[in-house]
Amino acid sequence: MTYAKQKPELKLVISIGANIPGILGDPIRTIAAMRPHIEKSIIEWNIALNHPKIDSQNFDKSLSFQWAPLFETDPLGGPIDQPKFINTVLVVEGEGFASVTPNEKAAKCLMKKFLELEKIAGRERENIEIIWGPRSLDIDFISWGGLQINTDTLILPHPRFSERNFVLIPLAEVLSKTQGKTKRISSQNIWPE
Ligand SMILES: Nc1ncnc2c1ncn2[C@@H]1O[C@H](COP(=O)(O)OP(=O)(O)OP(=O)(O)O)[C@@H](O)[C@H]1O
Ligand SMILES: Nc1nc2c(c(=O)[nH]1)N=C(CO)CN2
């Protein structure tokens, strides 16, 4: 019998959300405007991780960026009267990840880049923020392969992602296109829906 080889899980999963305008416009415009910056940050981070083995000229071709559609979602937690969120999820895979074992130092470096990107979109953290309150851009680091860390600045996998439909539903959309096929079996007497 021939077995399929189990590849190590090396995906990077990121959740992006916004529910108030920032300097780049309303939440949809903000997320759309930040999309290339998010990809560029991940490419640069990955080049730095792989240097000098990878030819940076062609490097971006070896990463695939799979974006979920945009979803409008009810705020989960925080002030009850805050605006609805726009959410999406990004899954990154590729050859470029194959040679790097997910590790705390590199993950923290990427988290730092995400915080910088939030700032570019006009998110202010100087004032005390309302917990789960309105924000012009939020980038949550959901997971990197099977890396488990629990530090002051970064916890992976994100400790609340499995309770959050605004993460799970966009993520399921991406995975339904990229992982093995699933086919719904039409309703039968043995399995009433
Ligand atoms: N996996 C993670 N993703 C994003 N931020 C994280 C993570 N783990 C720890 N943090 C830290 O949490 C801090 C606060 O993040 P933030 O204000 O965006 O939280 P939040 O999005 O309001 O809430 P939640 O953490 O429940 O998503 C960040 O400065 C970051 O250093
Ligand atoms: N719908 C929705 N609710 C939230 C969101 C979010 O992105 N979307 N982010 C939160 C803190 O990360 C808390 N609540």
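One-based numbering, in listed order, for ligands and for the atoms of each. The chain is numbered in sequence order, starting from 1.
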## Note on the structure
Restricting to heavy atoms, the pick from Lys108, Glu118, Lys112, Arg160 nearest atom 25 (O) of ligand 1 would be Arg160
### Task
Return yes if some donor-acceptor pair links the side-chain N/O of Asn103 with the main-chain N/O of Thr101 below 3.5 Å, else return no.
yes
### Summary
Under 4.0 Å between heavy atoms, the region of Arg164 that gets near ligand 1 turns out to be side chain
### Summary
Judged by heavy atoms only, the candidate from Val167, Thr153, Asp140 nearest atom 6 (C) of ligand 1 is Thr153
### Task
Decide yes or no on side chain to side chain donor-acceptor pair (under 3.5 Å) for Glu39 and Ser41, but give the supporting numbers first.
CA-CA 5 Å; Glu39 291 188 0; Ser41 287; over 6 Å; no
### Summary
Contacts satisfying side-chain hydrogen bond (donor to acceptor under 3.5 Å, both in side chains) that involve residues 13-34 (not counting sequence neighbours) are Asn19-Gln82
### Task
May I ask you to test the Thr88-Trp67 pair for a side-chain heavy-atom distance under 4.5 Å?
yes
### Query
Under 3.5 Å, is there a donor-acceptor pair between the Gln188 and Ser186 side chains?
no
### Task
Could you tell me which non-hydrogen atom of Leu147 sits nearest to which non-hydrogen atom of Ala107, and how far apart they are?
CD2-CB, 3.9 Å
Under 3.5 Å, which donor-acceptor pairs do the side chains of residues 153-169 form with other protein atoms, sequence neighbours left out?
| residue | atom | partner | partner atom | Å |
| --- | --- | --- | --- | --- |
| His158 | ND1 | Arg160 | N | 3.1 |

### Query
Of all the atoms in ligand 1, which lie at a distance below 4.0 Å from a heavy atom belonging to Trp132?
22 (O), 23 (O), 24 (P), 26 (O)
### Message
Are any of the N/O atoms on Leu154, whether in the backbone or the side chain, positioned under 3.5 angstrom from an N/O atom of ligand 1?
### Response
no
### Query
Does an N or O from Pro159, backbone or side chain, lie closer than 3.5 Å to an N or O of ligand 1?
no
### Task
Could you tell me whether a side-chain N or O of Glu118 sits under 3.5 Å from a main-chain N or O of Ile139, the two making a donor and an acceptor?
yes
### Query
Just heavy atoms, cut-off under 4.0 Å: does Asp138 contact ligand 1 by side chain, backbone, both, or neither?
side chain
### Task
List, ordered by chain and residue number, the protein residues whose closest non-hydrogen atom lies under 4.0 Å from any atom of ligand 2.
Thr73, Asp74, Pro75, Leu76, Phe85, Asn87, Trp132, Arg135, Asp138, Asp140, Arg164, Phe166
## Note on the structure
Counting heavy atoms under 4.0 Å, the part of Met111 that contacts ligand 1 is side chain
### Query
Nearest heavy atom to atom 1 (N) of ligand 1: which of Phe114, Trp144, Phe141 does it belong to?
Phe141
### Query
Between CG of Leu90 and CD1 of Ile14, what distance do you get to the nearest 0.5 Å?
4.5 Å
### Query
Strictly under 4.0 Å, does any heavy atom of Arg135 approach an atom of ligand 1?
yes
### Task
Say whether, by atom type as modelled, one donor and one acceptor occur between the side chain of Trp45 and the main chain of Ala106 under 3.5 angstrom.
yes
### Task
For Phe71, enumerate each residue passing the ring pair (Phe, Tyr, Trp, His ring centres under 6.0 Å) test, keeping only those at least two apart in sequence or located in another chain.
none
